[in-house]
Protein chains: 2
Amino acid sequence: MSVKLEDIAKATGFSIATVSRVLAGSDYPVSPSVREKVLQVAQSMGYKPNIAARSLRSSRTNTIGIIVDDIMSPFVPPIVRGIQDCLHENGFLSLIVNSDWDPDQEQEAIRTLISRPVDGIIFVEYSHRVRSEILEQSNKPHMFVHRIFGSPIRNSVVPDDHYGATLAVRHLISLGHRRTGYINGPENWHNSRARYVGYKDELENHNIQFDPELVQPGDWEIESGYKAAQNLLRLQDRPTAIFAANDLMALGAIYAIQDSGLHVPGDIAIVGYDNRDFAKIVRPRLTTVVMPVYEMGRVATESLLAQIAEGGGETEEIKVRGELIIRDTCGADDASKAREEINPRTAFRRVLLNKQPEG
Amino acid sequence: MSVKLEDIAKATGFSIATVSRVLAGSDYPVSPSVREKVLQVAQSMGYKPNIAARSLRSSRTNTIGIIVDDIMSPFVPPIVRGIQDCLHENGFLSLIVNSDWDPDQEQEAIRTLISRPVDGIIFVEYSHRVRSEILEQSNKPHMFVHRIFGSPIRNSVVPDDHYGATLAVRHLISLGHRRTGYINGPENWHNSRARYVGYKDELENHNIQFDPELVQPGDWEIESGYKAAQNLLRLQDRPTAIFAANDLMALGAIYAIQDSGLHVPGDIAIVGYDNRDFAKIVRPRLTTVVMPVYEMGRVATESLLAQIAEGGGETEEIKVRGELIIRDTCGADDASKAREEINPRTAFRRVLLNKQPEG
DNA sequence: GTGAAAGCGCTAACAT
DNA sequence: ATGTTAGCGCTTTCAC
């Protein structure tokens, strides 16, 4: 049924080994004329290598495993897309397994993936502190994208949260705000800590006195942003701007401000973090710092593929920067808002709209 | 390094064939005592079958391919999760390939997946009208989830949009609305057509005269909802409620209504469709019909696995129903709103919040 | 009910 | 530069 090396060997008159050398992209020398003929015949016969056979023999599968906590988690799809685009360019495929934030399921996933079918593993939103023995002794190349807890480790790619916070605060300062509140995320998350430090450092850069009263705790959820903003509003000398460690809490803060009869950005300016999908459709549209999820996926994958190709080698922690997107909640004038992103990907959908029905 | 059948054969004293029969779950008769011993030893040695070898021999891989237009598309992650959960329960893994709405890339993906490593293929949001020859002659089992264009075909799972529209309109009617506007999606989409017919049918069920003036075209995007609502507001006898064919247009409609100085739901009630993530965080929170994406993924997978197990067999088109979620935009009283969903999955995040940092 | 052995399609070591 | 061949780990036919 399916055409194999042997068929092509017969059809061209060369040996099966030669054909393999050409088609497997080996760097073994083959004369150009032979190579061309084989390529051509293979093409015309529609040859597709049997991956199972190839990997049984060479123990390379051109497949990598992705372990995610949950593919439905907001950051996961774009990270995965970054990974897959990079894989695709290099002829790799990806196997995705969900761990549901459960260490046992994660270990199980590692075991499954390691048994053979993958050349490397990427952990997305890695949140476990247990280092996996199985993983380490398997010595498969692996990368961690957006590690959530723990100290910096090798082979990991994380957002540059300190830098991002700096962008947000600097923008607010440039708009004249001297009292900017901060709504933090949970203290055990990397992201929270780095954004907090970024906030403080940028104030210091501009010689603005840090006021601990202006910092409120939050837990990433919208309600916590709401409460935090209420606390900030109750202050005798209340802030004129609020930087929230994520978009959800920023939205909660906006609602709290509106409920107290004030306006955003008229009375209080808001900047969020993450650039979640809803940031550009809520009202007022949210100014926010981009979490460079797609790029993080790509970067991690490039590094992983390099490791696979070179057989080993590790990387230091890589930080990826996201830009500030200026929309309505910070009160900057329209001129600077003109640069609202146009996502080339959404253009595809437009194409669909113009298609004719099948009938 | 990795333990194989031979190792277990040696350890137990049985033949490699017997061990295989036990471990591969063959229905070949093996005496219970032998079976138990093999199972136990395999477990203790941490045996994991080499998938490549198994599939080379048996041409089954316990892996299925998923072809999506873009994993970042809003409905895709939950569909994929439904698929993966069902696969996981059955010991299958999934390979995901993005086609970027490009027929060529899709054909390429099919060819890649068919070459061997998958037992079946699931197309998510299938939007091409070209039937793939390669796919058909490969006679691999396959399913289509949420087919967008074209007439009903076998092996496909779609939302029951007619039913969902019916729920939305019935609810509005139960709230006393006799003039309900409808904002449609693009006419070449299945979803638009079915929701439109559902809207009309439900009016008819309640002996409410259908008024074509109350129907406005849209293109799924927020701006089109805005414009459509403006048109509706301009009517001399304007509607007291609007049913939008998706949440994005519903949101646009809300903004148009607010901009004209009216209130939602006070002056005009709104019901959307899809239950997108933002529906419960915008203000007012959106009443909407659930697009049963997760279930669709599961259903399709169950059917695919059945086909794989039984070797062939096709299914008629399967329709999956979603429920109505009552929130703020329809003006129903709080009592009925109490049933706001609690997603068990978000509970996982809470667990994370309480974790201690690594140090 | 159990074992021996062939061979799935491919790559790589070795031979020419 | 090209050909020959062993064998990756497993399933399955065939013998017992």
Side-chain angles (χ1 to χ4, degrees), chain A residues 1-39 41-42 45-63 91 112 114-119 311, chain B residues 1-39 41-42 45-63 91 112 114-119 308-309 311:
Chain A
M1 36 189 312
S2 144
V3 4
K4 43 191 168 184
L5 287 187
E6 195 187 341
D7 302 327
I8 298 177
K10 264 187 203 127
T12 56
F14 300 113
S15 77
I16 187 173
T18 302
V19 174
S20 166
R21 292 198 261 259
V22 173
L23 264 19
S26 152
D27 44 6
Y28 203 92
V30 175
S31 74
S33 61
V34 173
R35 152 167 274 115
E36 195 184 353
K37 171 121 194 205
V38 168
L39 245 22
V41 172
M45 294 177 73
Y47 172 77
K48 272 283 175 182
N50 180 323
I51 311 292
R54 173 178 288 176
S55 78
L56 178 57
R57 192 56 240 257
S58 65
S59 73
R60 291 201 53 221
T61 61
N62 268 34
T63 302
T112 304
I114 274 178
S115 75
R116 185 53 51 98
V118 301
D119 296 334
Chain B
M1 38 188 309
S2 143
V3 9
K4 43 192 169 184
L5 287 189
E6 197 187 340
D7 303 327
I8 297 176
K10 262 184 206 129
T12 56
F14 301 111
S15 76
I16 189 173
T18 302
V19 175
S20 165
R21 291 198 261 259
V22 173
L23 263 20
S26 152
D27 43 7
Y28 202 92
V30 176
S31 74
S33 61
V34 174
R35 151 167 276 114
E36 195 184 351
K37 170 122 195 205
V38 168
L39 245 22
V41 172
M45 296 178 73
Y47 172 77
K48 274 280 179 182
N50 179 324
I51 310 292
R54 173 178 288 177
S55 79
L56 178 57
R57 191 57 239 254
S58 65
S59 74
R60 293 200 52 219
T61 61
N62 269 34
T63 302
T112 304
I114 274 178
S115 75
R116 186 54 51 97
V118 301
D119 296 334
I308 292 173

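Chain identifiers are assigned alphabetically (A, B, ...) following the order of the sequence lines, protein sequences preceding nucleic acid strands; residue numbering begins at 1 within each chain.
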Side chains of [X] and [Y]: closer than 4.5 Å at any heavy-atom pair?
{"X": "A:Ile51", "Y": "A:Asn62", "value": "no"}
{"X": "B:Asn50", "Y": "B:Lys4", "value": "no"}
{"X": "A:Glu36", "Y": "A:Val22", "value": "no"}
{"X": "A:Val41", "Y": "A:Tyr47", "value": "no"}
{"X": "A:Val38", "Y": "A:Arg21", "value": "no"}

[X] side, atom [atom1]; [Y] side, atom [atom2] - distance, nearest 0.5 Å:
{"X": "B:Thr18", "Y": "B:Leu23", "atom1": "OG1", "atom2": "CG", "answer": "11.5 Å"}
{"X": "A:Lys37", "Y": "A:Leu39", "atom1": "NZ", "atom2": "CG", "answer": "13.0 Å"}
{"X": "B:Leu5", "Y": "B:Phe14", "atom1": "CG", "atom2": "CZ", "answer": "14.5 Å"}

Task: Nearest non-hydrogen partners of A:Gly46 and A:Val3, listed with the distance - done: O-CG1, 4.1 Å
Spacing between [X] atom [atom1] and [N] atom [atom2], to the nearest angstrom:
{"X": "A:Leu5", "N": "C:dC8", "atom1": "CG", "atom2": "P", "answer": "13 Å"}
{"X": "A:Leu23", "N": "C:dG9", "atom1": "CG", "atom2": "P", "answer": "16 Å"}
{"X": "A:Arg60", "N": "C:dA12", "atom1": "CZ", "atom2": "C1'", "answer": "14 Å"}
{"X": "A:Asp7", "N": "C:dC10", "atom1": "CG", "atom2": "C1'", "answer": "13 Å"}
{"X": "A:Asn50", "N": "C:dG7", "atom1": "CG", "atom2": "P", "answer": "18 Å"}

Protein-nucleotides 3-6 of chain C N/O pairs under 3.5 Å:
{"unit_1": "C:dG3", "atom_1": "OP2", "unit_2": "B:Ser15", "atom_2": "N", "d": "2.8"}
{"unit_1": "C:dG3", "atom_1": "OP2", "unit_2": "B:Ser15", "atom_2": "OG", "d": "2.9"}
{"unit_1": "C:dG3", "atom_1": "OP2", "unit_2": "B:Thr18", "atom_2": "OG1", "d": "2.7"}
{"unit_1": "C:dG3", "atom_1": "N7", "unit_2": "B:Arg21", "atom_2": "NH2", "d": "2.6"}
{"unit_1": "C:dG3", "atom_1": "O6", "unit_2": "B:Arg21", "atom_2": "NH1", "d": "3.1"}
{"unit_1": "C:dG3", "atom_1": "O6", "unit_2": "B:Arg21", "atom_2": "NH2", "d": "3.1"}

TODO: For B:Val34 and for A:Tyr47, find the nucleotide of DNA chain C with the closest heavy atom, then tell me which residue's nucleotide is more 5'.
DONE: B:Val34
Task: First encountered from the 5' end of DNA chain C, between B:Ser31 and B:Ser58 - done: B:Ser31
- [ ] Return the 5'-most residue of the pair B:Leu56, B:Ser26 with respect to DNA chain D, ranking by each residue's nearest nucleotide.
- [x] B:Leu56
- [ ] Please list, in 5' to 3' order, the outermost nucleotides of DNA chain D lying under 4.0 Å from any heavy atom of chain A.
- [x] D:dA1 to D:dG9
